[in-house]
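Just the heavy atoms: all of them, side chains too, but no hydrogens, waters or symmetry mates, feed the values below. Numbers here simply count residues along the sequence, with the first being 1.
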Amino acid sequence: MPGNPKDECTSAFKAYVAASGHSAYATTFESRVSDLYIICGSKLNAPSQKAAEESALRICQAGLTRWKVKTAAGGCGIAASK
């Protein structure tokens with residue numbers, strides 16, 4: 001779980017935890033050595049777990065493109081799914 005309570009990714013993770021339906025939370029792979037930021041995405045209450053995961057990954061990848069960042073550890077991955 002992200003640690004900064006004012007961070008958008010922390011809010012997204014808390015919303016994922018609170019969601020009752022199929023939901024997923026995706027984030028960039030963590031590299032404590034060189035990455036100073038975390039990009040994330042979430043999808044709440046999707047029709048299926050697979051749909052939630054695909055959408056969360058798309059949102060996370062779009063963040064990498066939007067902010068033109070490359071992470072040392074790679075792209076995005078599903079961190080939590082239900």
Side-chain angles (χ1 to χ4, degrees):
M1 174 181 154
N4 181 349
K6 295 181 181 179
D7 185 323
E8 289 181 30
C9 289
T10 299
S11 298
F13 184 78
K14 287 181 178 180
Y16 159 78
V17 170
S20 59
H22 296 293
S23 301
Y25 174 81
T27 185
T28 49
F29 301 113
E30 198 171 329
S31 173
R32 296 180 192 274
V33 176
S34 60
D35 293 340
L36 301 175
Y37 44 77
I38 295 175
I39 308 283
C40 64
S42 65
K43 176 63 178 172
L44 309 176
N45 302 315
S48 69
Q49 185 175 5
K50 181 179 179 182
E53 291 175 356
E54 289 172 350
S55 183
L57 280 173
R58 266 196 315 274
I59 293 166
C60 185
Q61 291 290 357
L64 290 172
T65 302
R66 177 181 174 195
W67 289 294
K68 298 179 175 101
V69 281
K70 294 187 190 277
T71 61
C76 297
I78 296 295
S81 179
K82 58 182 175 182

_Minimum heavy-atom separation for Trp67 and Ile39, please, with both atom names._
CE3-CD1, 3.8 Å
_For a quick test of reading the model, state the closest non-hydrogen atom pair linking Ala79 to Thr27 and the distance between them._
CB-CG2, 3.8 Å
*Candidate pair Gln61 and Leu64, rule side-chain contact (heavy atoms from CB on, under 4.5 Å), full reasoning*: CA-CA 5 Å; Gln61 291 290 357; Leu64 290 172; 3.4 Å; yes
*Distance, nearest 0.5 Å, that separates CG of Asp7 from NZ of Lys14*: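 These two atoms lie 10.5 Å from each other.
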Going by side chain to side chain contact (heavy atoms under 4.5 Å, CB included), name the residues that satisfy it together with [X], two or more places apart in sequence or in a different chain.
X	value
Ala62	none
Ala24	Ala52, Glu53, Ala56, Ile78, Ser81
Ser48	Lys50, Ala51

*Give a yes or no answer on whether the side chain of Lys82 reaches the backbone of Val17 with a donor-acceptor pair at less than 3.5 Å.*
yes
_If we ignore hydrogens and angles and just use 3.5 Å, is the side chain of Ser23 paired with the main-chain N or O of Asn45 as donor and acceptor?_
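Pair found, side chain donor or acceptor close to backbone of Asn45.
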_Please list all pairs meeting disulfide bond (SG atoms under 2.5 Å apart) that have one or both residues in residues 45-82, counting only residues at least two apart or in different chains._
Cys60-Cys76
_Side-chain heavy atoms nearer than 4.5 Å, only ILVMFWY residues, links allowed to pass through others: does that put Tyr25 and Leu44 together?_
yes
